[in-house]
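The structure appears below as structure tokens.
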Amino acid sequence: KYTQWSLKAIAIGPFSGSAFWWWRVNILSQDKFAYNAIHPYTSVIPLVTYLVYRNMFKSWRQKFSGFLAWMGKITLETYIFQYHFYMLDDAKSILVLPGMMEYPLCNFVLVSCFFVFTSKLAFDSTLTLNGYLMPQTTPWNDRKGTPVDNVTSVKYFATMSAVVAAGYAVSWGLHRAFI
């Protein structure tokens with residue numbers, strides 16, 4: 001006996017597959033500049049095809065990639081750091097490690113590992129700072145206690161603001177002293 005979802009999948013699956021095949025043959029095979037011109041309008045086709053086929057069966061919906069889920073947590077940091085690692089010199093070059101000029105693939109792998117590592121460190125730092133600025137539970141019981149009230153959160157925020165203001169005051173004073 002077919003369910004309502006499986007009948008929809010049987011109807012939508014071939015259409016989606018045909019659209020993807022058309023996209024692969026007619027769009028993906030174009031030269032770089034022609035493809036770049038129409039990419040914003042056609043990039044949704046492979047994405048929707050993937051979503052249709054992934055959601056077609058319950059067993060496929062229950063599986064996921066742990067690596068991609070982990071990478072999804074640090075996407076904000078990777079988005080920010082890509083400008084520092086991969087888009088140097090107006091996106092014409094990437095960071096080149098000392099002694100790696102003759103080995104571009106090795107350089108790319110090492111820079112990518114450093115890029116992911118740095119993004120993860122920034123993500124962890126963001127979580128730590130978020131814990132200080134907007135605590136969810138009391139810090140002395142490893143975030144497993146009762147939620148912190150708004151007064152305590154404001155005190156934490158005021159303390160962090162005072163520390164930042166003091167840092168700026170010290171740097172301004174040092175700047176004025178040495179000019």
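- The main-chain N or O of I12 is never found under 3.5 Å from a side-chain atom of S16 such that the two would form a donor-acceptor pair.
- Between R54 and K63, the closest heavy-atom pair is NH2-O, 2.9 Å.
- The list of salt bridge (charged side-chain N to carboxylate O under 4.0 Å, His left out) pairs with a residue in residues 118-127, not counting sequence neighbours, reads K120-D124.
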Worksheet entry | side-chain contact (heavy atoms from CB on, under 4.5 Å) between T78 and V116, intermediate numbers included | CA-CA 7 Å; T78 56; V116 171; 5.7 Å; no
Item to complete: Carefully, step by step, assess F108 and Y86 under the rule side-chain contact (heavy atoms from CB on, under 4.5 Å).
Response: CA-CA 9 Å; F108 177 74; Y86 296 123; 3.8 Å; yes
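- Cluster partners of F178 are V170, L174, counting Ile, Leu, Val, Met, Phe, Trp and Tyr whose side-chain heavy atoms approach within less than 4.5 Å, directly or via other members.
- Side-chain heavy atoms closer than 4.5 Å link hydrophobic residues (I, L, V, M, F, W, Y) into clusters, and following such links, possibly through other members, connects F67 to F123.
- In plain terms, the two heavy atoms of T118 and F81 that are nearest each other are O-CE1, 3.6 Å.
- Residue pairs meeting the side-chain hydrogen bond (donor to acceptor under 3.5 Å, both in side chains) criterion with at least one member in residues 19-38, sequence neighbours excluded, are Y35-H39.
- Residues T49 and I45 approach most closely at OG1-O, 2.8 Å, considering heavy atoms.
- Follow the hydrophobic side-chain contacts under 4.5 Å out from M71 and you reach F115 in the same cluster.
- Under the 4.5 Å side-chain heavy-atom criterion for grouping Ile, Leu, Val, Met, Phe, Trp and Tyr, F114 is connected to L97 within one hydrophobic cluster.
- Looking at every heavy atom in both residues, Y53 comes nearest to G13 through OH-O, 2.7 Å.
- Tracing side-chain contacts under 4.5 Å through hydrophobic residues (I, L, V, M, F, W, Y), one reaches L95 starting from Y103; they form part of the same cluster.
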Item to complete: Decide yes or no on side-chain contact (heavy atoms from CB on, under 4.5 Å) for Y79 and I74, but give the supporting numbers first.
Response: CA-CA 9 Å; Y79 175 74; I74 61 172; over 6 Å; no
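- Cluster membership check: F117 does not share its hydrophobic cluster with V109, using side-chain heavy-atom separations under 4.5 Å among Ile, Leu, Val, Met, Phe, Trp and Tyr.
- Residues F85 and V111 share a closest heavy-atom pair of CD2-CG1, 4.0 Å.
- Here the side chain of R176 pairs no donor or acceptor atom with the backbone of S171 at under 3.5 angstrom.
- Between the side chain of N107 and the backbone N or O of M100 there is no donor-acceptor pair closer than 3.5 Å.
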